[in-house]
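Nothing here was measured: the structure is a model prediction, and the numbers come from that model. Residue numbering restarts at 1 for every chain, and letters A, B, ... go by the order of the sequence lines.
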Protein chains: 2
Amino acid sequence: MNQPGESLRDRKKRRTRAALERATVRLSAERGYDHVTVEEIAAEADVSVRTFFNYFASKDEALIGADPEAGPRMAERILAFPGTVTPFEAYRQSVLAEITEELDNARDLWLLRKEVLMQRPDLLVRAFANSAESEQALANAVAHRAALPESHLYPRLLVAAGSAAFRCAVTRWAHDDSLALGDLVTEALDLFGTGLAHTPQHHHEGGS
Amino acid sequence: MNQPGESLRDRKKRRTRAALERATVRLSAERGYDHVTVEEIAAEADVSVRTFFNYFASKDEALIGADPEAGPRMAERILAFPGTVTPFEAYRQSVLAEITEELDNARDLWLLRKEVLMQRPDLLVRAFANSAESEQALANAVAHRAALPESHLYPRLLVAAGSAAFRCAVTRWAHDDSLALGDLVTEALDLFGTGLAHTPQHHHEGGS
DNA sequence: AACTTTTTTGCAGTCACTGCAAGTTTGCAG
DNA sequence: CTGCAAACTTGCAGTGACTGCAAAAAAGTT
């Protein structure tokens with residue numbers, strides 16, 4: 001019995017993982033990240049504490065819902081773009097696609113996460129720290145796309161810029177959600193694209 | 001007895017802090033970061049474990065030697081530049097000045113840190129996560145310098161880029177120390193300055 | 001020397017996280 | 001359905017980072 005789709009096992013695993021992620025986010029938003037113990041999260045998700053750590057390497061990871069497939073998926077996206085597209089554009093589009101897809105799948109979770117991140121912005125940074133290896137793979141994809149050696153600065157820097165753009169965007173989004181997260185990320189990446197040497201002008205809001 | 005310079009107390013505090021930092025780096029380089037306990041570090045520095053935590057909020061911080069005065073100092077540097085210098089340049093110069101000064105003061109420590117960071121690159125990222133508030137202050141200085149509101153994206157992004165540049169530079173430095181750390185940071189910041197939209201060309205090394 | 005302020009320390013406790021050795025569930029035959 | 005192996009879950013015992021608190025020890029002041 002191995003339907004190409006999913007076995008019972010796989011389905012259960014997915015559900016458990018989702019339940020743990022959801023429980024972590026929900027409880028953290030409710031009473032604050034460090035007033036929630038892993039024990040409580042596990043209880044909420046109806047599994048043992050030990051099982052929690054079978055799914056996530058840390059409480060941090062569970063809050064962000066680090067998707068182990070996200071890295072490879074992004075790499076695929078980047079490499080799938082035709083050669084006429086610059087590496088920067090390919091990367092930009094891939095980041096955007098990933099974000100909008102993620103937001104479509106779990107917008108409610110991200111709204112709750114926002115609450116948590118507003119009070120603990122450092123959690124986002126820490127979450128990215130854990131995915132350092134994943135970033136490495138991404139950087140290699142960019143390097144390949146740009147016909148640069150993997151040791152070159154550019155790919156790593158581009159990926160790091162992406163993280164930074166995402167982090168800044170989320171932080172701003174958390175403070176003022178009148179803008180779409182995707183637009184904020186786009187804005188940040190555009191700044192990186194055109195270069196930070198140009199100081200943007202400040203337009204006083206006056207006209208209607 | 002309060003010489004303008006330093007009281008006995010201040011001197012002792014500096015020495016203890018330095019001893020703890022040094023012990024953390026030395027032992028971590030010797031046997032690996034997570035094979036060293038805070039207890040051992042404290043013993044090496046001849047203080048109690050509790051005192052360790054009076055000086056550093058975490059083991060991570062002690063390894064990097066997070067200097068609480070670094071943030072304000074950088075802000076000062078940035079604001080001290082004449083108005084004819086662009087914010088980007090002011091920031092770039094400040095980062096560079098800070099790094100070279102730090103390296104002059106404690107080059108040996110950084111050589112040891114390099115060993116540790118080679119095996120655990122995530123520690124650098126995590127260290128930056130803790131200084132999120134410090135980054136905020138820096139961003140505000142940049143905002144002031146650029147005549148932008150503190151809510152603007154640019155300052156935050158510039159500071160984030162600085163962190164990223166530093167991190168990438170250190171990582172590369174750790175793998176190949178034939179280059180000066182300062183030069184690597186400069187290279188990275190230059191890329192950010194001119195914009196990531198331009199893909200750099202790969203020059204095959206062939207001619208002498 | 002008496003007194004105040006700072007710094008150090010020990011202690012008890014919480015909690016994230018880990019390895020290990022059962023248990024339990026699922027998948028797959030026979 | 002029965003037996004078997006692989007995958008998953010669980011409990012348990014242990015390590016180690018980190019915290020609050022209150023007492024001891026300096027250091028600075030009069």
Side-chain angles (χ1 to χ4, degrees), chain A residues 1-21 23-25 27-28 31-64 66 68 116 120 122-123 126-127 129-130, chain B residues 1-21 23-25 27-28 31-64 66 68 116 120 122-123 126-127 129-130:
Chain A
M1 226 198 224
N2 50 357
Q3 265 77 348
E6 255 187 342
S7 66
L8 207 196
R9 236 173 214 170
D10 291 342
R11 229 175 310 142
K12 272 199 169 180
K13 274 179 77 172
R14 285 173 67 88
R15 266 197 290 148
T16 314
R17 190 181 187 84
L20 283 171
E21 185 181 336
T24 308
V25 174
L27 292 179
S28 297
R31 20 177 153 138
Y33 183 71
D34 32 323
H35 292 135
V36 177
T37 69
V38 172
E39 204 173 341
E40 295 168 316
I41 296 170
E44 176 88 4
D46 256 311
V47 293
S48 74
V49 173
R50 196 60 186 79
T51 296
F52 175 97
F53 285 109
N54 283 340
Y55 279 87
F56 296 99
S58 67
K59 210 173 124 188
D60 287 12
E61 251 187 43
L63 182 77
I64 303 302
V116 184
R120 301 267 330 248
D122 58 303
L123 290 181
R126 273 164 49 177
N130 294 344
Chain B
M1 226 200 224
N2 50 358
Q3 265 77 349
E6 255 186 344
S7 65
L8 207 196
R9 244 174 207 168
D10 291 342
R11 231 176 310 142
K12 271 200 169 180
K13 275 179 78 171
R14 287 173 67 88
R15 265 198 291 148
T16 317
R17 188 180 188 85
L20 283 171
E21 185 180 335
T24 308
V25 174
L27 292 179
S28 297
R31 31 182 144 132
Y33 183 70
D34 32 327
H35 293 135
V36 177
T37 70
V38 172
E39 204 173 339
E40 295 169 317
I41 296 169
E44 176 89 4
D46 256 309
V47 293
S48 74
V49 173
R50 196 61 186 79
T51 296
F52 175 97
F53 285 108
N54 283 341
Y55 280 87
F56 296 100
S58 65
K59 209 173 124 187
D60 287 12
E61 250 186 44
L63 181 77
I64 304 302
V116 184
R120 300 268 329 249
D122 58 303
L123 290 180
R126 273 164 52 177
N130 294 343

Could you check whether B:F56 gets within reach of a base, just the sugar-phosphate, or nothing at all, counting any heavy atom under 4.0 Å?
->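 The answer is nothing, as B:F56 stays clear of every strand by at least 4.0 Å.
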What's the closest nucleotide to the [X] side chain, out of [options]?
X     : options                : result
A:K59 : D:dA17, C:dC17, C:dG27 : C:dC17
A:S48 : D:dT10, C:dT9, C:dT26  : D:dT10
A:R50 : C:dC17, D:dA17, C:dT18 : C:dT18
B:K12 : C:dT25, C:dT8, D:dA27  : D:dA27

Pair B:D122 + B:R126: basic N to acidic O under 4.0 Å =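 Looking at B:R126 together with B:D122, the answer is yes, because their closest N to O distance falls below 4.0 Å.
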Should A:E40 and A:R31 count as an ion pair when the cut-off is N to O under 4.0 Å?
->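 A salt bridge is present here (some side-chain N lies under 4.0 Å from a carboxylate O).
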By nearest nucleotide on DNA chain C, pick out whichever of B:V47 and A:F52 is the more 5' one.
->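 Closest to the 5' end, via its nearest nucleotide, is B:V47.
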Between C:dT14 and A:T37, is there an OP1 or OP2 to side-chain N/O distance shorter than 4.0 Å?
->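 No, A:T37 has no side-chain N/O under 4.0 Å of OP1/OP2 on C:dT14.
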Taking only the side-chain nitrogens and oxygens of A:Y55, find out if one of them lies under 4.0 Å from OP1 or OP2 of D:dC8.
->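 Result: no.
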Report yes or no: is the cationic atom of B:K59 (NZ for Lys, CZ for Arg) closer than 6.0 Å to the six-membered ring centre of B:Y33, at no more than 45° off its axis?
->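 Judged by the rule, B:K59 and B:Y33 form a cation-pi pair.
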Provide, to the nearest angstrom, the distance between the [atom1] atom belonging to [X] and the [atom2] atom belonging to [N].
X      : N      : atom1 : atom2 : result
B:L123 : D:dA17 : CG    : P     : 13 Å
A:E39  : C:dC17 : CD    : P     : 14 Å
A:H35  : D:dC18 : NE2   : P     : 17 Å
A:R15  : D:dT9  : CZ    : P     : 12 Å
B:R14  : C:dT7  : CZ    : C1'   : 17 Å
B:D34  : D:dC18 : CG    : P     : 13 Å
A:E61  : C:dT18 : CD    : P     : 10 Å
B:R31  : D:dG16 : CZ    : P     : 11 Å

Under 3.5 Å donor-acceptor pair, A:R9 side-chain atoms to C:dT26 base atoms |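 Yes, the side chain and the base share a sub-3.5 Å donor-acceptor pair.
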Which nucleotide, in any strand shown, forms a Watson-Crick or G-U wobble pair with C:dG30, with both distances under 3.5 Å?
->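 When the pairing criteria are applied, D:dC1 turns out to be the nucleotide that pairs with C:dG30.
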Could you go step by step and tell me if A:T24 and A:V36 meet the side-chain contact (heavy atoms from CB on, under 4.5 Å) rule?
-> CA-CA 8 Å; A:T24 308; A:V36 177; over 6 Å; no
Residue pair A:F56, A:R17: steps toward the side-chain contact (heavy atoms from CB on, under 4.5 Å) verdict | CA-CA 8 Å; A:F56 296 99; A:R17 190 181 187 84; 3.6 Å; yes
